[in-house]
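Notes follow once the structure below has been shown.
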Amino acid sequence: MTQYDVIVIGGGHAGCEAAAAAARLGANTALITHKASTIGVMSCNPAIGGLGKGHLVREIDAMDGLMGRVADAGGIQFRLLNRRKGPAVRGPRTQADRRLYREAMQREISGIANLTVVEGDAFDLIESDGKVSGVVMKDSRTFASTSVVLTTGTFLKGLIHIGDQKIPAGRVGEEPSVGLSATLLRYGLKLGRLKTGTPARLDGRTIDWDSVGRQGPDEDPVPFSFMTDRILNRQIDCGVTRTTEATHKIIADNIGKSAMYSGQIEGVGPRYCPSIEDKIVRFGERDGHQIFLEPEGLDDDTIYPNGISTSLPADTQEAFIRTIPGLENVAILQPGYAIEYDHVDPRELNATLAVRKMPGLFLAGQINGTTGYEEAGAQGLVAGLNAALLATGRPEVIFSRTNSYIGVMIDDLTSRGITEPYRMFTSRAEYRLSLRADNADARLTPLAMELGCISDARRDRFTDWQVQFDDGRQLLKSLSVTPAEGNRHGLKLNQDGQRRTAFEILSYLDQSISALVPIWPELSSIGSRVVEALEIDAAYAVYMDRQAADIAGIRREENLVIPEGFDFDRLSGLSNELKQKLKQHAPRNLSQVMKVDGMTPAAASLILAWLKRQNGSAEREEKASAQ
Amino acid sequence: MTAMHTIYALSSGALPAGVAVVRVSGQHTAAVLEALCGEAPSPRIATLKSIRSRNGFVIDSGLVLYFPGPASFTGEDCAEFQIHGGRAAVNALLEELSKFEGLRHAEAGEFSRRAFQNGKLDLVEVEGLADLIVAETEMQRRLAIEHSGGGQSKVYAAWAKRLTHARAMIEAELDFADEDDVPGSVSERIWQDMSVLAQEIAAHIADAPIAEIIRDGLKIVIAGEPNAGKSSLLNALAQRDIAIVTEIAGTTRDVLSVDLSLAGFSVKLYDTAGLRETEERVEQEGIRRAREVIERADLILLLSETASGFDSLSDITSDGTAVLRVATKIDRDDRQWSPDEADVLISTRTGEGMDRLLDEIAAHLPDLSGRTSLALPSRRRHVDSLRQALRAIEESLAGQHYGLDIRAEQLRLAGDAIGRITGRVDVENLLDVIFSEFCIGK
């Protein structure tokens with residue numbers, strides 16, 4: 001029997017990141033997938049990144065993961081969303097050429113020395129001494145390993161719905177995983193059922209492109225990866241069109257034929273990714289719903305019509321699609337469908353994504369109730385790292401809400417559970433101002449260096465960049481002017497006689513380093529990438545300081561002890577979510593309370609006030625009983 | 001810590017009294033009722049019971065009430081024993097309660113604290129309840145009822161809701177910028193409301209001095225030269241002999257104070273040492289103390305029996321505190337006053353002018369006419385949090401040149417500050433608000 005340190009089941013976005021991360025830590029790793037040729041397939045829309053999701057990609061990249069580099073290699077329409085709404089909420093996004101993306105991912109995977117790809121259907125897990133010890137294949141082959149990462153996506157009891165047609169499948173044309181559902185039930189894990197959907201695929205040659213709008217790429221595409229200097233792919237436009245009254249009428253008239261509205265589907269779908277049926281039922285008064293016509297590749301005529309996912313019968317799909325301007329004569333290559341699948345209640349997992357009830361088993365991706373490639377990839381990274389750390393006898397690594405969107409997501413999942421497929425949003429991150437896409441490397445690459453999951457090339461590049469950044473910051477803080485001097489150079493400063501450093505002047509957001517060069521010519525020596533980072537750093541400095549002060553103020557109280565077995569349910573004023581977390585983490589003092597993820601300064605101050613009162617009354621009680 | 005004590009205390013006033021109420025709260029309440037009364041009475045029904053010690057001796061008989069949690073004041077199981085208010089009867093019951101395992105006497109405010117901890121009251125309501133219990137004037141009662149009854153909390157909850165909605169609109173624009181249904185200007189609609197909210201909070205903060213006067217009383221300091229009749233006025237207003245009155249200048253050394261009720265408000269009256277240059281050590285200290293209370297006064301009654309006396313003390317306050325010039329001893333007919341030399345003329349001996357003086361003082365009390373409620377910030381901590389919230393909203397409003405991310409952060413801070421007043425902190429679900437208003441999903 002072949003022995004591995006880590007076996008990853010599943011070759012999607014979670015599985016690839018998990019296998020690559022485990023291998024980067026030196027673990028002897030196997031990736032089991034039905035077909036090696038489907039590694040890196042994008043089963044839904046051909047795009048990577050977006051709001052909140054772009055942060056995840058940047059964070060995966062900062063840990064030397066694959067998704068950022070692969071998206072740079074496959075990206076054909078880069079756009080930086082929210083460019084003018086503040087650096088903290090900017091979201092890098094790109095359309096991807098499916099083939100380029102898949103090939104780049106397969107190149108990455110096959111280029112990793114201690115990673116073996118095994119083709120086949122993983123059917124069951126083997127345990128010994130109450131721990132996972134390997135995998136049994138449907139064809140009876142067995143593989144031994146210390147840890148197993150399960151990333152089966154929508155393949156657990158996957159069931160595709162098109163109208164009243166039901167097809168057991170993981171993706172179109174691919175078998176579902178049935179055996180592993182039974183395995184998870186055997187471990188006593190709580191399962192739930194979710195639903196997601198995808199639109200029909202269209203033949204681009206049959207679209208009247210002249211009658212639809214256009215959305216172009218950014219002129220200067222910003223890559224995802226710290227390691228990518230320039231985007232080499234040709235950049236393309238997407239088409240934009242809208243549904244019409246006629247579309248809405250067909251859908252409304254046929255709503256009973258939709259799998260979702262005929263009671264065929266029990267799984268819960270995401271509110272932010274509704275089917276076109278949902279949109280008509282819930283927001284029927286709108287005169288139209290926007291549709292993006294996204295090319296699936298540079299040399300591919302397939303078009304992904306983003307915005308009309310559906311589970312109507314194929315003929316109804318064709319009828320309503322042909323009422324949409326530009327699509328009057330369109331040919332449908334593959335009908336849209338809804339897919340239901342089992343997921344594990346993520347509260348069964350701890351923050352390393354390890355299953356509490358079965359040591360050695362990790363879960364990542366859609367199996368945990370999330371949606372999206374980026375969410376899956378980020379979980380794969382965490383599960384892969386921890387699976388390898390466990391297999392090699394090293395301490396676990398936990399991402400926190402205070403250092404990453406990855407930490408926010410994992411904390412949300414493992415402590416709150418889910419009620420709909422979970423997607424990342426920037427509003428989920430309470431430390432949003434400090435968790436920016438632009439500083440993902442500064443936040444996480446040092447952690448990657450400490451773990452040793454990073455290439456020499458990235459380490460050198462990052463160290464070099466950090467030196468430049470620190471030097472630039474130092475320089476900005478060493479230069480200063482009086483308001484009068486500043487005004488002579490056209491800076492509008494308060495005439496209060498206060499000297500201000502260049503760094504302070506930059507904290508007014510409409511200031512840029514280039515505007516300061518006339519005063520201090522030496523600033524022109526700072527490289528352009530570092531300039532942007534410094535400008536953002538300066539603009540946010542005052543908010544960062546404030547947040548740090550809040551936390552420090554509370555740290556002073558850290559010797560306040562929380563009694564053992566303390567009943568956090570007594571703390572009224574706290575939401576049930578926070579109470580659950582406190583109970584789960586059982587902090588012993590206020591400092592530990594602050595480390596409980598999701599703890600807001602307001603909530604902590606409530607606990608502080610309560611503890612002070614309790615400690616006071618406990619002392620009084622002791623005195624009283626001593627008398 | 002898992003086994004919280006069950007607490008008990010005499011909840012009614014001083015003994016002896018016709019009836020005394022002893023309250024019990026906590027998990028052992030039902031067991032206590034069974035032991036003392038044979039069985040727990042039906043919930044929330046006043047039941048006449050013999051209350052017996054565990055040896056079987058009758059302690060007293062009285063009405064017994066049982067409030068199973070959570071439908072009780074504290075949210076825990078509660079009981080009330082309404083017994084005869086004799087000292088011996090009450091002491092016997094308290095003594096009997098103390099013998100139960102897991103029971104102890106309640107600390108001051110502990111019933112309310114448990115009500116807060118169990119979510120029955122928020123912080124403002126708890127504070128209002130404490131105020132209600134000690135309220136002495138009509139205005140204090142009205143203010144306390146506004147707070148304890150949740151009227152004040154409703155104001156803050158409504159503000160918190162508006163902040164949440166504003167933030168949800170901003171978040172819709174930030175997280176769903178690429179959505180057709182979320183126009184780029186969606187957040188612009190909220191700034192007008194935030195500007196109104198800022199004005200409302202500012203007006204609310206500006207009312208804080210009224211609440212302070214209601215709670216702490218209007219501070220009136222009687223000041224003036226030695227022997228101007230200050231102590232006589234204090235005694236006359238208090239209608240008691242509080243201060244020693246002699247003809248000897250410098251009789252009053254320390255600051256004396258008395259609480260009065262005037263037009264429903266509490267008034268704190270301070271008598272002070274006469275202000276003059278002196279070498280006498282004790283008098284010097286008295287004058288220093290007089291200056292100190294003058295600094296904190298809401299109103300100064302400056303007394304003199306001569307017009308020149310007002311002139312020499314015209315600089316008594318530098319910070320704009322209202323000064324009422326009171327001419328004294330007008331029954332001595334050797335002095336004449338022209339109309340603009342003094343505001344009020346009085347004689348404490350004959351009582352002449354005293355009504356006029358009271359009217360003048362009342363004119364300095366807050367004008368509450370036209371107010372339907374007394375929703376005022378009554379504590380320093382309220383005002384501090386309100387100021388933080390206001391500052392954050394104003395910064396957010398003024399931050400057009402900042403990114404929307406920073407403006408959103410300011411509104412989050414404002415919401416936190418408002419939440420701290422009532423002590424209710426929750427994870428507000430912005431996404432629920434967004435999905436209910438917009439068709440999201442391409």
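Note on naming: letters A, B, ... go to the chains in the order of the sequence lines (proteins, then strands), and numbering restarts at 1 for each one.
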(message) Quick check for you: to the nearest 0.5 Å, what is the distance between A:Tyr543 atom OH and B:Tyr402 atom OH?
(response) 4.5 Å
(message) What I want to find out is whether B:Glu171 reaches A:Arg428 closely enough, with some N-O distance under 4.0 Å, to be called a salt bridge.
(response) no
(request) Calculate, to the nearest 0.5 Å, the distance between atoms OG and CZ belonging to A:Ser427 and B:Arg412 respectively. (result) 11.5 Å
(request) In plain terms, say whether A:Lys85 and B:Glu173 are close enough for a salt bridge, that is, a side-chain N and a carboxylate O under 4.0 Å apart. (result) yes
(request) Tell me, yes or no, whether the heavy-atom count around B:Gln192 atom CD, taken from other residues, nucleotides or ligands under 6.0 Å, exceeds 12. (result) no
(message) Testing the basics here: between B:Leu174 and A:Val89, what is the closest heavy-atom pair and its distance to 0.1 Å?
(response) CD2-CG2, 3.6 Å
(request) Say whether, by atom type as modelled, one donor and one acceptor occur between the side chain of B:Asp175 and the main chain of A:Thr426 under 3.5 angstrom. (result) yes
